[in-house]
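Every number for a ligand or one of its atoms is a count from 1 in the order of the listing. Please read all numbers here as calculations on a predicted model, not as lab measurements.
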Amino acid sequence: MKEQIEALRQRFESELQAAQNSDAVEKLRVAYLGKKGSVTDLLKGLKAVAGDQKKEMGQLINQLKHQVEEGIAQQVEAIRAAEEERLIASAEQYDVTLPVDQSEGSYHPITLVQRQLEEIFSSMGFTIEDYKEIVTDYECFEAVNIPKHHPARDMQDTYYLSNGQLLKTHTSAAQNAIMRKYGAPLRAVFPGRCFRNESTDACHENTFFQMEGLMIDKDISISNLIYFMKTMLSEVFERDITVRLRPGFFPFVEPGFELDISCLICGGEGCPSCKNSGWLELCPCGMIHPNVLKMGGIDPEEYTGFAFGLGLTRLAMMKYGIKDIRDLNSGNLKALSQFKHE
Ligand code: FA5
């Protein structure tokens, strides 16, 4: 049997040398290690070997088996490396000294409206603030007067991290930190990406942008709120647009309003972009609730203020006539590269 094992080893070595592609190596594997392979046959034949030689023959066959396994693995790797080399050598050669394509890129429409708004609010004395996307339950809800189990939370289901933090559902999540950072008087806007676990349609996305605004000072009233909203909208759209203000409930403002604009896609007739109502909810707002001021470290006896939460993504839709909000996150350059900074 010893000679038989040695003969098989030599045959394997020469056949392995000859196997120069993965199919041939696979055939070899089956021929030696498969159910009916030569090595397997040898192992089966051990039964017939006399007791005193069984151990030695068993060891020799196992050595051969390992040699075959290793040889096959090495050959597979060698073939893969050779194939890679071949591909690299035959790949198209690039000339790194050629000039780059200098055709102009473009800003995302949301970036354009955000920058325009930042300019408008800066000119009215507001600072521009940045804030995190991952926030605590306290920042997103409790600090804006939405305690645990409050029904207002149902409107803002979101994505939770295993440590209890969450992706912010609205830019109002930064109100508390910004009040604490600057105190009163305060004028600030803070744009940001928001996330909600909701089904998407032509005017709802699960990821969208808002711009929050806060103005806090002595004697701030609803007239100030209306003035700033009107100024902002007329500057953004650079034309007359029809707006309506109606009561709206948000636990962090009292009184609260919904500010809608007449849909500019359908001219108010009703279309999928405005859920066929002719109006688009754009900028809820209201007078900051005393509890929210208190939690922000500001004395509500001394100061009052207004807050708004502008839907930046929807504003971009209206300004640029984009019918479906989902186009804005599509990454489709054909659609998105049409918008240049005017
Ligand atoms: C809020 O998020 C409040 N934090 C806004 C606020 C701030 C009110 C300060 C009062 C004072 P609301 O859930 O309605 O409210 O969202 C505000 C705006 O964000 C909406 O009017 C809309 O323009 C935009 N928005 C909300 N959900 C989506 C969505 N899924 N897709 C796109 N835009 C959305």
Asks: Can you pull out the closest protein heavy atom to atom 5 (C) of ligand 1? Residue, atom name and distance to 0.1 Å, please.
Replies: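 Sorting protein heavy atoms by distance from atom 5 (C) of ligand 1 puts Pro284 CG, 3.7 Å first.
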
Asks: Below 4.0 Å from any atom of ligand 1, is there a heavy atom belonging to Thr313?
Replies: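 Per 4.0 Å heavy-atom rule, Thr313 does not contact ligand 1.
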
Asks: Are the side chain of Thr111 and the backbone N or O of Tyr107 linked by a donor-acceptor pair below 3.5 Å?
Replies: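 No; judged by distance alone, with no hydrogens or angles, the pair does not exist.
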
Asks: Any salt bridge between Asp260 and Arg246, counting N to O under 4.0 Å?
Replies: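 Answer for the salt bridge query: yes.
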
Asks: Tell me the nearest of Gln175, Arg196, Met155 to atom 1 (C) of ligand 1, using heavy-atom distances.
Replies: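 Of the listed residues, Arg196 has the closest heavy atom.
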
Asks: Report the C-alpha separation of Lys132 and Glu139 in whole Å, then their side-chain angles, then the decisive distance to 0.1 Å, and conclude whether the salt bridge (Lys or Arg N to Asp or Glu O under 4.0 Å) test is met.
Replies: CA-CA 11 Å; Lys132 301 171 283 189; Glu139 290 170 298; 3.3 Å; yes

Asks: State, without any angle test, whether Tyr131 and Glu212 hold a side-chain donor-acceptor pair at a distance under 3.5 Å.
Replies: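 Side chains of Tyr131 and Glu212: no pair found under 3.5 Å.
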
Asks: Any nitrogen or oxygen of Glu205, main chain or side chain, under 3.5 Å from a nitrogen or oxygen of ligand 1?
Replies: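 Yes, since at least one N or O of Glu205 sits under 3.5 Å from an N or O of ligand 1.
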
Asks: Could you work out, for atom 7 (C) of ligand 1, the closest of Cys285, Cys283, Gly309 by heavy-atom distance?
Replies: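 Among Cys285, Cys283, Gly309, the closest heavy atom to atom 7 (C) of ligand 1 comes from Gly309.
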
Asks: Using a 4.0 Å cutoff against the non-hydrogen atoms of Gly311, which atoms of ligand 1 qualify?
Replies: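 It comes down to these atoms of ligand 1: 19 (O), 23 (O), 24 (C).
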
Asks: Give a yes or no answer on whether the side chain of His204 reaches the backbone of Glu198 with a donor-acceptor pair at less than 3.5 Å.
Replies: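 It does not hold such a pair.
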
Asks: Could you list the atoms of ligand 1 found under 4.0 angstrom from a heavy atom of Phe308?
Replies: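 Every atom of ligand 1 under 4.0 Å from some heavy atom of Phe308: 7 (C), 9 (C).
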
Asks: Could you tell me if Gln67 and Glu13 have a donor-acceptor pair between their side chains, going purely by distance under 3.5 Å?
Replies: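 Judged by distance alone, the side chains do pair up.
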
Asks: Where does Asn206 meet ligand 1, judged by heavy-atom distances below 4.0 Å: at the side chain, the backbone, both, or neither?
Replies: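 Neither; no heavy atom under 4.0 Å.
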
Asks: Between Ser14 and Gln17, do the side chains contain an N or O donor and an N or O acceptor separated by less than 3.5 Å?
Replies: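 Side-chain D/A pair, Ser14 to Gln17: absent.
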
Asks: Does an N or O from Thr169, backbone or side chain, lie closer than 3.5 Å to an N or O of ligand 1?
Replies: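 No.
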
Asks: If we set the cut-off at 4.0 Å for heavy atoms, which region of Gln210 has an atom near ligand 1: side chain, backbone, both, or neither?
Replies: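 Only the side chain of Gln210 comes within reach of ligand 1.
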
Asks: Pull out every atom of ligand 1 sitting under 4.0 Å from any heavy atom of Glu198, numbered as shown with elements.
Replies: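 With Glu198 as reference, the close atoms of ligand 1 come out as 29 (C), 30 (N).
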
Asks: Look at ligand 1 and say whether Phe252 reaches it with a heavy atom at a distance under 4.0 Å.
Replies: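 Distance cut 4.0 Å: Phe252 passes for ligand 1.
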
Asks: Using the six-membered ring wherever Trp is involved, compare the ring planes of Phe308 and Phe121 and label them parallel, tilted or perpendicular (cut-offs 30° and 60°).
Replies: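 Parallel: the ring planes of Phe308 and Phe121 meet at under 30°.
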
